[in-house]
K.L.:
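So that we are looking at the same thing, I have put the structure below in structure tokens.
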Amino acid sequence: MHISSKIKFFLPICLALFSVVGYGQTNAFKVTLDAGHGAHDFGAVYEGRIEKNIALAVVLKVGKILEATPQMQVNYTRKTDVFIDLIERANIANRVNANIFVSIHCNANRNTAADGTETYVMGLSKVASNLEAAKKENSVVTLEKDYKQKYEGFDPNSPETMIGMTLMQEEYLENSIALASKVEEAFGDLGKKIRGEGVKQAPFMVLHKAYMPRVLIEMGFISNTVEGNRLNSEEGQDEIAKAIAGAIVSYKKEYFGEGEVEAPAETPSEKMIENSKNEMQSVTPVNNDALAASQTVALVTPVAAVPKVVEPAVSPVVAVTTTNPGVVFKVQLMASSKKIDLSAQNFNGLPDVSVLYEDRVYKYLYGNANNFEAAKKDLKQAKEKGYSSSFLIAFKQGKKINIQEAIQ
């Protein structure tokens, strides 16, 4: 093993261990705030409006609000005008075992009339505008030292190449959508234009290795003179910061309640260490077409918040005997903090719906396929019944596993 490879392997592990000791002794809800760009990476610049400065100003304002909120703990990828590698931004969140990662940016377009907000979650997309947004933000990696070695196999000019990298998007997708939806709803309350459906999906490198629900917020277009000037003003930044902070607080209350936060079974820092080890080993090539088909989803606003419920006794998902023993695919239709009767009439006529209670959320599942082709048919049927945000998940011997692992 080369010295550079050893450093790449051991550094995240050492930093994670030190960070857990210094930062992990609390049950507060942990938020990592990421101000996009920094230092020599200016981001978008129009008529004196500079993205890196606006993003940092808003992040600091959001952080100040959250720090004054009970049971909230905030850390930052940067608090000054410095350059932070994209993968390091995610690892900062991993090392402190953040509950959510929020990356804040400004949008820009050659069409200076373009305006409005968008909030992205990590994922694959065939939508040209989404891929273009990811391409723009991912291009920052070329400013990093030795980026070709660090992001081996990834072409910043082709976001689709991220498909072949280790993705864990489905594990955090619905919570990321829920958080993103709350952000866009808060922007809507300000009277801001919501572009498209507001919540979108694209392969952003800055979100890729953050092992928790994560979103990238485009606050508005600094290329638009009116919207850009508002974003560049103290008043405009204050209202945006309040909206984002309010969305985060609302998300915490809905999914974690008012009190302390229980630690997950496997923390982000542990996952970071585990994946650092895995990356040093050879991996089996991935069927990119199959993976893209299984994980591309259309996004919709999730079920509205309901009062917190006490965890009930819920039957676990049981794998059936299959041609690939122990592996079963299901379609996740929706997630809610409310328990719903499993009768077909409550799920647009879909029969045999089951429920998985996980992370204080009820996840409603359809189908019980023993191979990927049959699972895709179940997914198609679910979408035809109106569940446009449904996606595939997999279990092996009753334990939830990554879709990528299941289809190999």
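Scope of the values below: all heavy atoms of this structure, side chains included, with no hydrogens, waters or symmetry mates.
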K.L.:
Whether Glu373 and Lys376 form a salt bridge (side-chain N of Lys/Arg under 4.0 Å from carboxylate O of Asp/Glu) is what I want to check.
P.N.:
yes

K.L.:
Testing the basics here: between Ile240 and Met219, what is the closest heavy-atom pair and its distance to 0.1 Å?
P.N.:
CG2-SD, 3.5 Å

K.L.:
How would you list all residue pairs meeting ring-ring contact (aromatic ring centres under 6.0 Å, His included) that involve residues 220-253, not counting sequence neighbours?
P.N.:
Tyr251-Tyr255

K.L.:
Quick one: are Phe329 and Val327 in side-chain contact, heavy atoms under 4.5 Å?
P.N.:
yes

K.L.:
Is the backbone N or O of Ala35 less than 3.5 Å from a side-chain atom of Arg89, with the two atoms forming a donor-acceptor pair by type?
P.N.:
yes

K.L.:
Is there a side chain to side chain contact (heavy atoms under 4.5 Å, CB included) between Thr112 and Thr225 once you walk through the steps?
P.N.:
CA-CA 7 Å; Thr112 56; Thr225 300; 6.0 Å; no

K.L.:
Show your working on side chain to side chain contact (heavy atoms under 4.5 Å, CB included) between Leu179 and Asn175 and close with a plain yes or no.
P.N.:
CA-CA 6 Å; Leu179 175 58; Asn175 288 68; over 6 Å; no

K.L.:
What verdict does the side-chain hydrogen bond (donor to acceptor under 3.5 Å, both in side chains) test give for Gln332 and Glu174, after you've listed the backbone C-alpha separation in whole Å, the side-chain angles of each residue and the deciding distance to 0.1 Å?
P.N.:
CA-CA 10 Å; Gln332 183 164 317; Glu174 78 247 10; 2.6 Å; yes

K.L.:
Shortest non-hydrogen contact from Ile194 to Phe187?
P.N.:
CD1-CB, 4.1 Å

K.L.:
Between Glu184 and Lys192, does at least one N-O distance fall below 4.0 Å, as a salt bridge requires?
P.N.:
no

K.L.:
Rounded at 0.5 Å granularity, tell me how far CD1 in Ile248 sits from NZ in Lys253.
P.N.:
13.5 Å

K.L.:
If you count every heavy atom of other residues, nucleotides or ligands that lies below 6.0 Å from Lys193 atom NZ, does the total exceed 12?
P.N.:
yes

K.L.:
So do Tyr364 and Lys339 actually touch side chain to side chain, heavy atoms under 4.5 Å?
P.N.:
yes

K.L.:
How long is the straight-line distance from OH of Tyr76 back to CG of Leu56, given to the nearest 0.5 Å?
P.N.:
10.0 Å

K.L.:
Please check if the side chain of Asp41 supplies one atom and the backbone of Phe83 the other of a donor-acceptor pair under 3.5 Å.
P.N.:
no

K.L.:
Short question: side chain of Ser223, backbone of Asn109 - any donor-acceptor pair under 3.5 Å?
P.N.:
yes

K.L.:
Could you give the distance from CZ (Phe29) to CE (Met72), rounded to the nearest 0.5 Å?
P.N.:
5.5 Å

K.L.:
With a 4.5 Å heavy-atom cut-off, do Val355 and Lys363 have their side chains touching?
P.N.:
no

K.L.:
Working note: Leu365 + Leu356, criterion side chain to side chain contact (heavy atoms under 4.5 Å, CB included); need CA distance, chi angles, decisive distance, verdict.
P.N.:
CA-CA 7 Å; Leu365 314 177; Leu356 174 67; 4.1 Å; yes

K.L.:
Would you mind reporting whether Ile92 and Glu88 have side-chain heavy atoms less than 4.5 Å apart?
P.N.:
yes

K.L.:
Where is the tightest heavy-atom contact between Ala245 and Leu66, given as atom of each residue plus distance?
P.N.:
O-CD2, 3.9 Å

K.L.:
Quick one, Asp378 and Tyr366 - any side-chain contact, counting heavy atoms below 4.5 Å?
P.N.:
yes

K.L.:
Please say whether more than 12 non-hydrogen atoms of neighbouring residues, nucleotides or ligands are located less than 6.0 Å from CD in Glu235.
P.N.:
no

K.L.:
Check this for me, if you would: do Glu218 and Arg195 make a salt bridge, where the nitrogen-to-carboxylate-oxygen distance has to be below 4.0 angstrom?
P.N.:
no

K.L.:
Applying side-chain contact (heavy atoms from CB on, under 4.5 Å), can you list everything that pairs with Ile50, at least two apart in sequence or on another chain?
P.N.:
Phe42, Val45, Lys52, Asn53

K.L.:
So how far is it from Lys61 NZ to Glu239 CD, rounded to the nearest 0.5 Å?
P.N.:
11.5 Å

K.L.:
Check whether any side-chain heavy atom of Val215 lies under 4.5 Å from a side-chain heavy atom of Ile217, and answer yes or no.
P.N.:
yes

K.L.:
When you measure from the centre of the six-membered ring of Phe256, is the NZ or CZ of Lys252 under 6.0 Å away and within 45° of the axis?
P.N.:
no

K.L.:
Which value, rounded to the nearest 0.5 Å, describes the distance between Asn107 atom CG and Glu227 atom CD?
P.N.:
8.5 Å

K.L.:
Do the side chains of Asn99 and Val31 get nearer than 4.5 Å, heavy atoms only?
P.N.:
no

K.L.:
If you define the side chain from C-beta out and look only at heavy atoms, does anything of Asn368 sit under 4.5 Å from Asp352?
P.N.:
no

K.L.:
For the residue pair Ala44 and Ile222, what are the closest heavy atoms and their distance?
P.N.:
O-CD1, 3.2 Å

K.L.:
Might you point out which heavy atoms bring Val96 and Lys30 nearest each other, and give the distance in Å?
P.N.:
O-CD, 3.3 Å

K.L.:
Between Ser176 and Arg214 (side chain of the first, backbone of the second, donor and acceptor by atom type, cut-off under 3.5 Å), is there such a pair?
P.N.:
yes

K.L.:
Rounded to the nearest 0.5 Å, what separation is found between the CD1 atom of Ile54 and the NE2 atom of His37?
P.N.:
11.0 Å

K.L.:
Quick one: do Arg230 and Gln237 satisfy side chain to side chain contact (heavy atoms under 4.5 Å, CB included)? Show the steps, please.
P.N.:
CA-CA 8 Å; Arg230 183 68 177 176; Gln237 291 167 7; over 6 Å; no

K.L.:
Side chains of Asn94 and Asn91: any donor to acceptor distance under 3.5 Å?
P.N.:
yes

K.L.:
Backbone N or O of Gly246 within a donor-acceptor pair of the Ser250 side chain at under 3.5 Å?
P.N.:
no

K.L.:
To check you understand the geometry: which heavy-atom pair defines the closest contact between Ala210 and Ala90, and what is its length?
P.N.:
N-CB, 3.7 Å

K.L.:
Identify every side-chain donor-acceptor pair in residues 341-349 under 3.5 Å, counting partners at least two apart or on other chains, and give the distances.
P.N.:
from   : atom 1 : to     : atom 2 : distance (Å)
Asp341 : OD2    : Ser343 : N      : 3.1
Asp341 : OD2    : Ser343 : OG     : 2.9
Ser343 : OG     : Asn346 : ND2    : 3.3
Asn346 : ND2    : Asp341 : O      : 3.1
Asn348 : ND2    : Lys385 : O      : 2.7

